[in-house]
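This is a predicted model, so every value here is computed, not measured.
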Amino acid sequence: MRLALILISLLSVSASDLRFASGVGGGMSTDDQIAAFEKWTKADPNNAQNLNLLAAAYIQKTRETADPGYLQRADALIGRLLGREPRNYEAWRLRNLVELNRHHFSTVADYAGQLTARAPSDPQNWGTLGDALMELGRYPEAAEAYGKMAAIKESLFSLNRLAYYRFVTGNSDGALDAMRKAVAAGAQYPENKAWCLADLGSMYFKLGKLDEAERAYREAIEAFPGQHQAHAGLGAVLAARGRASEAIASYTRAQAIVPLPQYSGALADLFTAGGKAEQARLQNAQIDMIAKLEEAAGQKANRTLALVYANQERNLDRALELAEADLSLRHDIYTWDALSWVLYKRGSLEEAQKASGEALKTGAREPLLFYHAGMIARAAGDGERGRKLIESALALNPRFDPVQAPAARRALK
């Protein structure tokens with residue numbers, strides 16, 4: 001499941017325009033670029049190019065750290081520039097990336113539509129449009145946008161997106177092929193390549209290819225040690241192999257980089273399975289702390305947190321609020337799946353069946369989607385359909401989750 005950002009490229013202007021030809025940017029870390037661009041902006045605060053460069057670097061840093069503070073800095077710079085130059089094209093492209101990070105998908109689709117009309121040969125606009133349409137569940141339109149992006153320029157950024165679309169719509173072989181090509185294409189930022197490798201590892205894991213998944217995750221970590229999804233993915237592989245202590249170490253590293261609720265949930269499961277009740281309790285307390293902080297900040301939507309609560313069969317009223325709020329922002333299969341699982345845990349089987357039907361409509365080969373739909377069908381009285389769906393989940397990856405996979409096997413008995 002894609003839980004956070006969809007891969008984005010940054011500026012479309014040439015390397016010489018960005019002063020990379022003079023040594024700034026090429027081979028430099030994001031922190032070094034930020035330091036250089038901040039220095040330039042301080043020396044010439046009204047220079048539009050410098051402001052755009054710095055905003056772009058802040059957005060890249062947001063990707064690397066998931067720290068919303070960098071996104072706020074980028075937004076402030078973009079707002080400042082657009083206040084002076086309302087038609088500044090690069091600033092509008094960056095503004096749309098900020099909106100994408102904030103999950104304002106309808107707004108992103110609207111902005112991207114205007115930008116593609118203004119500059120139809122810019123691949124980034126087609127990619128951002130496709131990203132928004134994927135989240136909105138408008139898959140045929142997303143495919144068209146991604147196709148136009150790839151036709152303009154085949155790169156890591158377009159190939160990654162095509163791979164994601166193919167996987168979501170059931171073409172797993174085509175997805176793997178495109179993602180391997182994306183990795184081979186490379187990118188300026190090591191994090192971009194590591195992101196693709198982590199995505200590749202996730203695909204391999206869902207398809208039960210543990211050796212390939214582990215290799216991809218380890219390559220991602222080597223390319224960019226701060227790639228938290230890769231650390232978490234490696235934890236999932238190690239847990240599937242029965243190497244619990246190593247899995248805990250990998251999830252702990254992911255959590256130290258970005259404390260996401262799904263990492264705490266995975267750790268709680270592993271500690272519980274190992275008889276370490278106090279450590280599991282501490283992880284659950286961290287989940288609740290994240291929930292309180294998000295609520296205090298006014299964040300109403302979080303399908304991932306909703307899934308964690310549903311798996312733990314607690315705070316189900318809050319889980320439903322989180323899932324329904326997310327559905328108000330997007331209508332992709334993963335949001336429908338999260339809602340279906342929460343409804344199932346609450347005993348709302350008719351609604352859960354409708355939601356799981358939406359989650360399965362693209363034919364994605366995902367163990368969790370099949371497992372959730374199978375358990376829902378079984379509880380609703382359709383035992384034969386439930387059995388086939390659960391068997392499909394286990395056929396893809398018999399160890400897709402240290403808690404849910406054993407529950408799937410028990411259900412079949």
Side-chain angles (χ1 to χ4, degrees), residues 1-5 29-31 61 63-67 183 190-291 293 302 304-305 307-309 311-312 367-368 397-408:
M1 181 185 294
R2 208 158 191 152
L3 298 172
L5 301 175
S29 70
T30 306
D31 287 338
K61 190 64 177 179
R63 286 178 46 80
E64 296 175 6
T65 64
D67 183 347
V183 171
E191 184 270 342
N192 292 162
K193 180 178 178 179
W195 179 282
C196 286
L197 282 163
D199 269 358
L200 180 61
S202 176
M203 292 177 183
Y204 278 135
F205 182 78
K206 291 171 182 178
L207 298 172
K209 301 177 183 292
L210 298 188
D211 290 342
E212 293 90 338
E214 181 171 352
R215 188 180 309 116
Y217 287 135
R218 291 192 185 279
E219 287 180 14
I221 293 166
E222 183 178 356
F224 187 77
Q227 226 297 329
H228 57 96
Q229 295 99 326
H231 286 290
L234 181 59
V237 171
L238 294 169
R241 295 190 188 281
R243 293 155 60 181
S245 61
E246 294 173 77
I248 287 170
S250 284
Y251 275 115
T252 300
R253 280 191 285 272
Q255 186 184 59
I257 298 167
V258 181
L260 297 176
Q262 60 266 35
Y263 301 160
S264 296
L267 284 167
D269 287 344
L270 289 167
F271 283 132
T272 299
K276 299 178 179 179
E278 178 58 20
Q279 285 97 323
R281 186 192 67 78
L282 291 173
Q283 291 299 326
N284 288 336
Q286 180 154 331
I287 293 168
D288 293 341
M289 182 181 295
I290 292 170
L293 289 172
N302 192 327
T304 308
L305 181 56
L307 271 175
V308 171
Y309 278 146
N311 284 335
Q312 296 183 341
L368 272 177
N397 184 349
R399 293 168 287 180
F400 65 86
D401 184 274
V403 173
Q404 306 305 327

- With the side chain counted from C-beta on, respond yes when Q229 and W195 share a heavy-atom pair under 4.5 Å apart, and no when they do not. yes

- Item | Polar side-chain atom of N397 near backbone of F205 as donor-acceptor pair, under 3.5 Å | yes

- Task: Could you tell me whether the side chain of K61 reaches within less than 4.5 Å of the side chain of D31, counting heavy atoms only?
- Result: yes

- For residues H231 and Y251, determine if any side-chain heavy atom of one lies less than 4.5 Å from a side-chain heavy atom of the other. no

- Query: Salt bridge check: are R241 and E214 linked by an N-O gap of less than 4.0 Å?
  - Reply: yes

- Query: Do the non-hydrogen side-chain atoms of I287 and Q312 ever get within less than 4.5 Å of each other?
  - Reply: yes

- Task: Please report the closest heavy-atom contact between A268 and N284, naming both atoms and the distance.
- Result: CB-OD1, 3.5 Å

- Can you find a pair of side-chain heavy atoms, one from R63 and one from N192, that are under 4.5 Å apart? yes

- V308 and G265: which non-hydrogen atoms are nearest, and at how many Å? CG1-CA, 4.3 Å

- Electrostatic pair E278:R281 at N-O distance under 4.0 angstrom: yes

- Item | Closest non-hydrogen atom pair between Q255 and S264, with its separation | NE2-OG, 2.9 Å

- Task: Might you point out which heavy atoms bring A247 and L270 nearest each other, and give the distance in Å?
- Result: CB-CD1, 4.0 Å

- Does the side chain of L267 reach to within under 4.5 Å of the side chain of Q286, using non-hydrogen atoms? no

- Query: Does any donor atom in the side chain of E64 or Q227 lie under 3.5 Å from an acceptor atom in the other side chain?
  - Reply: no

- Message: Strictly distance-based, threshold 3.5 Å: is any side-chain N or O of S202 a donor or acceptor partner for the main-chain N or O of A198?
- Response: no

- Message: Between Y263 and H228, is there a side-chain donor-acceptor contact under 3.5 Å, judged purely by atom types and distance?
- Response: yes

- Taking 4.0 angstrom as the limit, do E246 and R243 come out as a salt bridge? yes

